[in-house]
Amino acid sequence: MPANLIKRDVITALAARAAGLDQPEGNARLKQVVNRLLVDLMVAIDELDISMDEFWCGIAYLTQAGKQNEFGLIVPGVVLEHFLDLRLDEAEQRAGLAGGTARTIEGPLYIAGAPMSKGEARLDDGTDDGEVLFMEGQVRDVSGKPIAGAIVDVWHANTMGNYSHFDPTQTAFNLRRRIETDAEGRYRFRSIMPSGYACPSGSQTEKLLGAIGRHGNRPAHVHFFVSASGYRKLTTQINIDGDKYLHDDFAFGTRGELIPRVERVADAGEIHKFGLNKPFARIRFDFSMTKEVAGAPATIVTREHAEAA
Ligand code: BEZ
Ligand code: FE
C-alpha cells in the first residue's frame, strides 16, 4: 500500500472520538493523553505504511510482554526510563535546583522493606564466594554539611548478575539493605562485587533488542535510594569501573559522575585488618542531597514494585 493514505483531519476526528473528547464524563487528563497517543500512532501507521501483519505482530509482542511482566524491562531498554530522568534534570535546572548527586534510573528490580540497620550493614548472606566489596561514604547537603539519619536504601545483583526475590536461589533480601547514616552522615557496608545484569534469554525484551541489532547487558552497578527529611529523594546507581559494558548499558543508566574509583586491596596487613583472608575491593562514594522546595517537580515516584514475600 502507499503511505499517507488518510487525511490528517480524518485521523484527528477519529482520535478525538476514540479518546472520548466529545463526552462530558471521564478523566480530562487521560482523554488528553489517549487522544495524543492515538493521533501519533495513526500518523505513524499511515506514514510508515505499517502493514496489517506488522501491526498484529506488534500487538502479539506486547500481549506476550504483558503476560511475562516485562514492561519494566522494555521501558529502560528503549531509553524511556532514562528520558524521564533527563526531563526531571531539566525541570530541576529550570527551577533553580542545581547540584546534588546525579540521578539515574531505578530499573525494575527494587523490593521495598529491606532490613534496616544503623551506620553499617552486611548485605550478602555469605553464600556467594565473590570478591568482597567494602563501600562507604557520607551523605551531605550541597554545602557539604553531613546529614545524620538519612536512609541509604541499597540493592544490587550477585556475581551472576541476578537479584534476590527475582532469583529464587537467593535468600530473602540478599544484597538489599537500608542503612541509616550515623551522626556524621556516614554509611558503610560489606558485600560482594556484583556482576552486570543481562536480560533473561528468551525474554520478549531480549527478542526485541536482538531484532534491532542490540544486546541486553548492563555493566555491574549498585543501586541507591537516598532519603532524608527536608531533602529531595535521590534515585541513583554507581557503576563498577572497568566493566565491559560501562559505556554500553542497554538501559542507558551510566553517567560519568557515577563511576567511582575501585581500589583493589592486596596488602596483607589491610586484609587482616578487615577480618579477611583474601584481597578485596573498596569504594568510597559520597551522596550530595538537594533541599526540598515547594512546587519543585517530585522525585518521589509512585511506581508498582514486586512485593516481598
Ligand atoms: C537493573 O537495574 O539491573 C536493570 C535496569 C533496567 C532494566 C533491567 C535491569
Ligand atoms: Fe540493577
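Along the sequence shown, residues are numbered consecutively beginning with 1.
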Engineer: Who clusters with Ile105? Use side-chain heavy atoms, under 4.5 angstrom, across I, L, V, M, F, W and Y, and order the result by chain and number.
Structural biologist: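 ILVMFWY cluster around Ile105 holds nothing else.
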
Engineer: Can you name the residues that form a side chain to side chain contact (heavy atoms under 4.5 Å, CB included) with Leu80, not counting sequence neighbours?
Structural biologist: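 With neighbours one apart ignored, the set is Val75, Val78.
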
Engineer: Applying salt bridge (charged side-chain N to carboxylate O under 4.0 Å, His left out), name anything that partners Arg264, two or more places apart in sequence or on another chain.
Structural biologist: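 Residues passing salt bridge (charged side-chain N to carboxylate O under 4.0 Å, His left out) with Arg264: Glu131.
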
Engineer: So Thr171 and Thr169, do their side chains get closer than 4.5 Å, heavy atoms only?
Structural biologist: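 They are not in contact (no side-chain heavy atoms under 4.5 Å apart), so the answer is no.
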
Engineer: Classify the ring geometry between Phe280 and Phe134 as parallel (under 30°), tilted (30 to 60°) or perpendicular (over 60°).
Structural biologist: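 Plane angle over 60°, so perpendicular.
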
Engineer: So do Phe225 and Leu234 actually touch side chain to side chain, heavy atoms under 4.5 Å?
Structural biologist: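 A side-chain contact under 4.5 Å is absent here.
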
Engineer: Among Gln138, Met135, Glu136, which residue satisfies the side-chain contact (heavy atoms from CB on, under 4.5 Å) criterion with Phe285?
Structural biologist: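 The single option meeting the side-chain contact (heavy atoms from CB on, under 4.5 Å) with Phe285 is Met135.
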
Engineer: How would you list, by chain and number, every residue that makes a salt bridge (charged side-chain N to carboxylate O under 4.0 Å, His left out) with Lys278, sequence neighbours excluded?
Structural biologist: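 So Lys278 forms a salt bridge (charged side-chain N to carboxylate O under 4.0 Å, His left out) with Asp129.
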
Engineer: Output every pair passing salt bridge (charged side-chain N to carboxylate O under 4.0 Å, His left out) with a member in residues 201-218, not counting sequence neighbours, ordered by first then second residue.
Structural biologist: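 Output for this query lists Arg218-Asp249.
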
Engineer: Ion pair present between Asp241 and Arg261, side-chain N to carboxylate O less than 4.0 angstrom?
Structural biologist: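 Between Arg261 and Asp241 there is no salt bridge, as every charged N stays at least 4.0 Å from the carboxylate O atoms.
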
Engineer: Looking at every heavy atom in both Gly185 and Pro146, which two are closest together, and how far apart are they?
Structural biologist: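 So the two residues come closest at N-CB, 4.1 Å.
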
Engineer: The criterion is salt bridge (charged side-chain N to carboxylate O under 4.0 Å, His left out); which residues satisfy it with Asp153, sequence neighbours excluded?
Structural biologist: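 So Asp153 forms no salt bridge (charged side-chain N to carboxylate O under 4.0 Å, His left out) with any residue.
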
Engineer: Applying salt bridge (charged side-chain N to carboxylate O under 4.0 Å, His left out), can you list everything that pairs with Arg188, at least two apart in sequence or on another chain?
Structural biologist: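 Only Glu120 meet the salt bridge (charged side-chain N to carboxylate O under 4.0 Å, His left out) criterion with Arg188.
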
Engineer: Please list all pairs passing the ring pair (Phe, Tyr, Trp, His ring centres under 6.0 Å) test where one or both residues lie in residues 23-49, with sequence neighbours left out.
Structural biologist: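 As it turns out, there is no ring pair (Phe, Tyr, Trp, His ring centres under 6.0 Å) pair with a partner in residues 23-49 once direct neighbours are skipped.
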
Engineer: Mind jotting down which residue pairs meet the side chain to side chain donor-acceptor pair (under 3.5 Å) criterion with at least one end in residues 80-92? Sequence neighbours excluded, please.
Structural biologist: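 Every pair satisfying side chain to side chain donor-acceptor pair (under 3.5 Å) with a residue in residues 80-92: Glu81-Arg303, Asp89-Arg103, Asp89-Arg255, Glu90-Arg94, Glu92-Arg103, Glu92-Arg232.
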
Engineer: Between Thr205 and Cys199, what is the shortest heavy-atom contact and its length?
Structural biologist: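 Between these two residues, the closest heavy atoms are CG2-SG, 3.8 Å.
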
Engineer: Considering residues at least two apart in sequence or located in another chain, which fulfil the side chain to side chain contact (heavy atoms under 4.5 Å, CB included) criterion with Val43?
Structural biologist: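 Here the qualifying residues are Arg8, Ile11, Val39, Glu47.
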
Engineer: Considering residues at least two apart in sequence or located in another chain, which fulfil the side chain to side chain contact (heavy atoms under 4.5 Å, CB included) criterion with Glu180?
Structural biologist: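 Side chain to side chain contact (heavy atoms under 4.5 Å, CB included) check on Glu180 returns Lys118, Ile151.
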
Engineer: Would you please indicate yes or no on a ring centroid separation below 6.0 angstrom for Tyr110 and Tyr163?
Structural biologist: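 Not close enough - the centres of the two rings lie 6.0 Å or further apart.
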
Engineer: By side chain to side chain contact (heavy atoms under 4.5 Å, CB included), which residues pair with Lys67, not counting sequence neighbours?
Structural biologist: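 Only Thr63, Gln64 meet the side chain to side chain contact (heavy atoms under 4.5 Å, CB included) criterion with Lys67.
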
